[in-house]
Every structure is written in C-alpha cells, then in structure tokens.
Asker: 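Supplied in structure tokens, the structure appears directly below.
Just follow the structure's listing: the first ligand is 1, and inside any ligand the first atom is 1. Just so you know, residue 1 is the first one in the sequence shown, and it goes up from there.
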Amino acid sequence: MDIDTRLSHGGRRFAESLNVVNAPPMRQTTRLFPTMDALRDAEEDGFASMVYGRLGNPTVRELEGLHTELEGGFDTVAVASGLAAISGVLFALLDAGDHALFVDNCFGPTRTFASRELPRLGVLTEFFAPDVGAGLADLLKPETKLVFVESPGTGSFEVADVPAIVAAAKEVGTLVVLDNTWATPLFFDAFGHGVDVTIHSGSKYLGGHSDALIGLIGARTKDAWDRVRRRAQLLGGCPGSEEAWLALRGARTLRLRLRQHEASGLAVARWFQEQPTVHSVLHPALPSCPGHEFWRRDFTGAGSLFGVAFKPDVPWSAVDAFCDALELFGIGHSWGGYESLIAARTLTTCPRVARALPTGPVVRIYIGLEAVDDLLTDVDQAMARMSVTA
Ligand SMILES: *Cc1c(COP(=O)(O)O)cnc(C)c1O
C-alpha cells in the first residue's frame with residue numbers, strides 16, 4: 001500500500017479495539033491481572049505483555065508498529081528522545097574492547113557521546129570523513145563492531161555514499177547504524193540500502209509541532225531488535241504516552257507536510273544561492289552541496305533544513321543583523337515544526353569538514369509551513385537590512 005494510506009491506517013489497532021478513530025494516550029504504570037497465574041504468564045511473555053508501563057504501553061506500541069510499517073524493518077523501540085535513541089543504540093551494541101567508527105559531521109551530542117563517554121566504557125572510537133565511501137574499508141579493524149552514519153550530516157549537510165559504506169562494513173560483518181532524522185523513512189529507505197539499525201528523532205518532522213520529545217530506534221533484524229530493546233529498556237528512558245500519542249497524530253499528516261516543506265525549502269535555498277553575500281548553500285538537493293550526487297541517486301525527497309555559508313569577508317555582525325531582521329523566522333534550536341527557524345552554526349565540531357569548506361559565518365535554516373512567498377519577502381527585506389549593516 002502507498003505511504004499515504006499506511007500513514008492513515010497504520011497504528012490503529014488499539015483505537016479499533018475501543019471502536020474509535022483515535023485512542024486516548026494510555027497513562028499507565030501498573031497493569032492489573034485477574035490472578036497470580038495470569039501475572040506469572042505475563043511476566044514470562046516479557047515485552048509483549050506490557051506488564052509495567054516502562055516495559056510497554058499500548059500507545060507507544062502503536063507508534064512503534066506504525067514506524068516499523070513505514071521503514072519495513074523487523075520492529076522498533078521508542079525511547080524518550082532522539083538522543084536517548086542514539087545513546088541507547090551505542091550502549092546496546094558496543095562492548096568493552098570494541099572499536100567504533102563515526103561520521104565526522106554527526107549530530108553534536110552523538111560526537112560527544114562517541115568521543116567522551118564510549119572511551120570511558122572501554123570502546124575505542126574514531127571519526128571518518130563524510131565522503132569516505134568505499135575508503136571505509138581501510139579504517140575497519142577486526143574489532144570494529146559498529147559504523148555510525150548520519151546523512152546528510154548535522155550542520156554541514158554533506159551526503160554520504162551509504163551503499164558504499166554498507167558494502168565495506170558488510171564485508172567484515174560490522175553493523176551500520178544510520179541517524180535518518182533529516183530524510184525520515186519517507187525520503188530515505190535505510191533498510192533497503194542495507195543499514196542495520198536506524199535512529200529517528202521524532203521530535204522533528206514526525207511530531208511536527210515543536211511540542212513533543214521522542215526517539216525511535218528501528219531494527220532490520222530480530223537479533224538487533226532484541227539487543228537494542230533489552231538494553232535500551234535497561235536505561236529506563238521510556239517515552240511518555242502523551243508524546244507517543246502526539247507523534248502518532250503527527251504521522252497522519254507527515255507525508256502532506258513533507259511535500260510542502262520540501263518545495264518551500266528548495267525555493268528559499270535557491271533564493272540564497274542568488275545572493276552576492278552567500279558563498280554556498282548546503283542543501284543536499286542542490287549541486288553546491290557535497291555529496292549531492294548521492295542524494296540524487298539514493299533519496300526520494302529532501303527535508304527543509306539546510307545550511308547557508310556566507311562569504312569569508314561577511315562579518316558575524318552582519319549575519320546577526322540579517323537574522324534579527326527576519327520577522328517570520330524564530331531564532332532557536334531544533335526543527336521539524338510548522339514554524340520556520342534560523343540558528344547560528346559553526347562548523348568547528350567537525351574539523352575535517354571545516355577545513356574542507358573555508359567560508360565565513362554559517363547559519364542553519366529550517367523552512368516551516370508558511371506560504372513560501374511570505375518567506376521570500378521576509379528574507380528579501382532582512383537581506384536589505386544586512387547590506388546596510390555590512
Ligand atoms: C534533533 C536531532 C537529534 C536528537 O533528537 P532529540 O529528540 O532532540 O533528542 C538527533 N539527530 C539529529 C540528526 C537531530 O537533528
């Protein structure tokens with residue numbers, strides 16, 4: 001069935017059991033059983049029985065089911081945030097003595113966890129350039145158990161050659177984990193491209209309204225799901241049922257919203273490309289973005305989050321004046337809601353990337369659901385103010 005249909009009909013078994021379209025969020029710690037025997041049976045059944053709220057909740061389970069339907073994997077584990085998904089997966093899949101490889105342009109906290117926390121647990125970590133491709137083979141050691149990719153990467157947006165990375169990792173039996181938040185399962189088929197475990201921050205497009213923190217871990221195989229579920233649950237970071245309910249609600253309109261985000265995002269990105277103060281627009285669907293050819297080959301759409309790198313002679317004060325003059329863009333973190341946002345970015349967390357892209361200030365722009373002509377009018381007037389400042 002088409003994605004639009006799955007988004008409308010998936011994750012509704014709990015609701016159907018109540019004869020309603022939407023089940024309310026199930027607020028639950030304790031589940032009661034008619035007899036001691038029934039409790040004992042449920043405990044043996046483990047996860048499936050949802051014997052206690054932290055171990056399973058009907059609303060959360062519906063979200064996990066819908067996400068699995070979208071991704072086509074074995075199953076999903078929902079957790080409290082995208083970052084809980086990242087740390088949960090790393091905790092679940094790595095042991096002392098292992099070696100793990102991370103893409104250089106990954107999300108900041110992923111980088112922090114890899115470089116500061118994993119070594120504390122006896123895991124050796126190294127970073128690789130987003131354009132490594134088949135060259136990953138040279139970095140793999142016998143003890144490399146995990147390769148972590150985010151494509152496009154946070155901040156600098158290079159698109160990686162995921163199939164080449166997967167092929168090199170598969171050769172030596174190393175698991176590939178992908179943070180697929182930018183593209184969502186709708187725009188990048190992670191499991192179809194051989195990825196083993198996916199990470200998705202549902203706080204972004206899935207929730208879609210800047211009001212819920214939630215994370216999803218998708219597993220292609222039962223073995224990966226078992227390991228992740230058992231250990232991620234041990235960390236105790238289960239999602240709230242209200243958040244799971246908001247993510248389920250967001251899913252119903254995800255495809256529709258993404259279509260508009262994609263079109264408006266491209267229109268505004270192209271506008272930036274024409275500006276004399278702009279060095280390059282880091283939007284995976286534009287040829288100016290490193291790895292654009294992999295986006296064209298492997299993705300079926302583009303998110304509306306992208307970077308704008310100004311020319312080296314443009315001072316931060318002028319860029320600040322541009323951002324402050326915007327009327328329709330919020331200044332702040334995160335993205336994926338209905339409102340457009342802008343935030344300052346430096347590329348210094350990714351030294352290799354920063355070296356490869358000698359530019360002035362970089363801002364990260366997120367295009368929401370406003371009318372694109374209004375957004376274009378807004379960036380136009382703000383750019384005029386910036387030129388005065390510069
Ligand atoms: C926001 C984000 C995360 C973290 O998600 P939270 O839900 O905020 O914890 C992880 N990866 C990427 C790519 C993100 O943009």
Side-chain angles (χ1 to χ4, degrees), residues 60 63-64 67 76-91 102-114 117 130 148-160 162 177-188 190 195 197-218 232 235-240 242-244 246-247 250-251 254 258 261 265 282-284 291 295 299 302-307 330 332-337 339-345 347 349-350 353 362-368:
V60 173
L63 175 65
E64 292 170 337
H67 186 69
T76 299
V77 183
V79 289
S81 68
L83 182 55
I86 293 163
S87 51
V89 162
L90 297 176
F91 177 74
F102 290 80
V103 73
D104 220 348
N105 57 356
C106 61
F107 179 59
T110 303
R111 200 183 172 87
T112 306
F113 198 89
E117 302 309 315
F148 191 107
V149 192
E150 186 184 320
S151 176
T154 289
S156 49
F157 295 95
E158 299 93 335
V159 185
V162 172
V177 175
L178 173 76
D179 184 333
N180 199 24
T181 301
W182 184 86
T184 83
L186 274 56
F187 286 161
F188 183 75
V195 167
V197 174
T198 61
I199 281 153
H200 192 92
S201 168
S203 323
K204 311 292 168 54
Y205 282 131
L206 184 62
H209 296 73
S210 308
D211 55 8
L213 281 159
I214 195 160
L216 297 156
I217 304 166
L235 293 176
C238 62
E242 187 108 5
E243 280 72 14
L246 285 166
L254 180 61
L258 280 176
H261 285 304
L282 306 168
H283 187 304
W295 176 82
F299 289 61
S304 61
L305 182 78
F306 59 93
H333 284 292
S334 197
W335 53 279
E339 78 291 7
S340 292
L341 296 168
I342 192 160
R345 276 273 147 182
L347 297 176
T349 51
C350 323
V353 173
V362 177
V363 292
R364 192 178 77 166
I365 293 181
Y366 170 68
I367 299 302

Asker: Taking atom CD of Glu150 and atom CG of Asn105, what is their separation to the nearest 0.5 Å?
Answerer: 6.5 Å
Asker: What pairs with Phe148 under ring-ring contact (aromatic ring centres under 6.0 Å, His included), at least two apart in sequence or on another chain?
Answerer: Phe102
Asker: Consider side chain to side chain contact (heavy atoms under 4.5 Å, CB included). Of Val79, Thr110, Val89, which one does Ile199 pass it with?
Answerer: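 Result: among Val79, Thr110, Val89, Val89 is the only option passing the side chain to side chain contact (heavy atoms under 4.5 Å, CB included) with Ile199.
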Asker: By side chain to side chain contact (heavy atoms under 4.5 Å, CB included), which residues pair with Ala251, not counting sequence neighbours?
Answerer: Leu7, Leu66, Leu206
Asker: Would you please name every residue forming a salt bridge (charged side-chain N to carboxylate O under 4.0 Å, His left out) with Glu242, sequence neighbours left out?
Answerer: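 With neighbours one apart ignored, the set is Arg27.
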Asker: Given the side-chain rings of Tyr205 and Trp182, with only the six-membered ring counted for Trp, is the space between their centroids under 6.0 Å?
Answerer: no
Asker: Considering only N or O atoms, set out every pair between ligand 1 and the protein closer than 3.5 Å, with distances to one decimal place.
Answerer:
unit_1, atom_1, unit_2, atom_2, d
ligand 1, 5 (O), Ser201, OG, 2.9
ligand 1, 7 (O), Gly82, N, 2.8
ligand 1, 7 (O), Ser201, OG, 2.9
ligand 1, 7 (O), Ser203, OG, 2.5
ligand 1, 9 (O), Gly82, N, 3.1
ligand 1, 9 (O), Leu83, N, 2.8
ligand 1, 11 (N), Asp179, OD2, 2.6
ligand 1, 15 (O), Lys204, NZ, 2.7
ligand 1, 15 (O), Trp335, NE1, 3.2

